[in-house]
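Each remark here refers to the structure printed beneath this line.
Values below: every heavy atom of this structure, side chains too, minus hydrogens, waters and symmetry copies.
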Amino acid sequence: EVQLGESGGGLVQAEGSLRLSCATSGFTFDDYVIGWFRQAPGKEREGVSYIRNSDGSSYYADSVKDRFTISSDNAKNTVYLEMDSLKPEDTAVYYCAATPRTYYSGPYYFNYGMDYWGKGTLVTVSS
């Protein structure tokens, strides 16, 4: 059974940093794409970043490019999202997601989602 568990959310001041973790189990880590999505109050879910574990390639939404960094630890089956220079508009519930459909690129996963989802972790950025 595929399981995804997010941690690391919390309250931080603007311009601060947080690191989110997504611990995974139940599948072959290298065979999946793992992504981060977020949903702010009253808004639709949006893609933030994803990483293809087989080759380490990654993709970012324009809104977080140069501020957020996605990485993976294959030994721990864990994906991280390092978030720097946080802004109040980054406030949202952040979800980890995974898919074995690794052959897409660009914003595909942001538009069509992934197959497995965690329960989310709340990030609140105060001004």
Report summary line: In short, salt bridge (Lys or Arg N to Asp or Glu O under 4.0 Å) pairs touching residues 7-36 with sequence neighbours left out are none

Query raised in the report: Quick one: salt bridge (Lys or Arg N to Asp or Glu O under 4.0 Å) pairs with a partner in residues 55-64, sequence neighbours left out?
Result: Asp62-Lys65

Report task. Name all pairs fulfilling the disulfide bond (SG atoms under 2.5 Å apart) condition that reach into residues 78-127, sequence neighbours left out, sorted by first residue then second. Result -> Cys22-Cys96

Report task. Side-chain contact test, heavy atoms from C-beta onward, threshold under 4.5 Å: evaluate it for Trp36 versus Glu6 and give yes or no. Result -> yes

Query - side-chain hydrogen bond (donor to acceptor under 3.5 Å, both in side chains) against Glu46, all qualifying residues, sequence neighbours excluded - result: Arg38

Requested in this report: Please report the shortest heavy-atom distance between Ser49 and Ile70, naming the atom on each side.
Outcome: OG-CG2, 3.3 Å

Report summary line: For residues 97-127, the disulfide bond (SG atoms under 2.5 Å apart) pairs (sequence neighbours left out) are none

Report summary line: Joining Ile, Leu, Val, Met, Phe, Trp and Tyr whenever any side-chain heavy atoms lie under 4.5 Å apart, the cluster holding Tyr103 also takes in Val33, Phe37, Tyr50, Tyr59, Val93, Tyr95, Tyr104, Tyr108, Tyr109, Phe110, Tyr112, Met114, Trp117, Leu122

Requested in this report: Tell me, please, which residues at least two apart from Arg45 pass salt bridge (charged side-chain N to carboxylate O under 4.0 Å, His left out).
Outcome: none

**Report entry** Heavy-atom closest contact (Ile34 atom, Ala98 atom, distance)
**Finding:** CD1-CB, 3.6 Å

Query raised in the report: How far apart are the closest heavy atoms of Ile51 and Ser72, and which atoms are they?
Result: CD1-OG, 3.9 Å

Report task. With rounding to the nearest 0.5 Å, note down the distance linking OG1 in Thr24 to CZ in Phe29. Result -> 5.0 Å

Report task. Please report the closest heavy-atom contact between Ser126 and Leu11, naming both atoms and the distance. Result -> CB-CD1, 4.3 Å

Report summary line: One should read off an interatomic distance between Gln3 CD and Phe27 CZ, to the nearest 0.5 angstrom, of 10.5 Å

Would you be so kind as to tabulate the donor-acceptor pairs closer than 3.5 Å made by side chains of residues 76-88, with sequence neighbours excluded?
| residue | atom | partner | partner atom | Å |
| --- | --- | --- | --- | --- |
| Thr78 | OG1 | Lys76 | O | 2.9 |
| Asp84 | OD1 | Ser17 | OG | 2.8 |

Query raised in the report: Could you state the interatomic distance from CZ (Phe68) to CG (Leu20), rounded to the nearest 0.5 Å?
Result: 8.0 Å

Requested in this report: Return the set of residues passing side-chain hydrogen bond (donor to acceptor under 3.5 Å, both in side chains) with Asn111 (not counting sequence neighbours), or none when no residue passes.
Outcome: none

Query raised in the report: Taking only residues two or more places apart in sequence, or in another chain, which ones meet Tyr32 in a side-chain hydrogen bond (donor to acceptor under 3.5 Å, both in side chains)?
Result: none

**Report entry** Qualifying salt bridge (Lys or Arg N to Asp or Glu O under 4.0 Å) pairs, either residue in residues 112-127, two or more places apart
**Finding:** Arg101-Asp115

Report summary line: Residues passing the side-chain hydrogen bond (donor to acceptor under 3.5 Å, both in side chains) test with Asp66, sequence neighbours excluded, are none

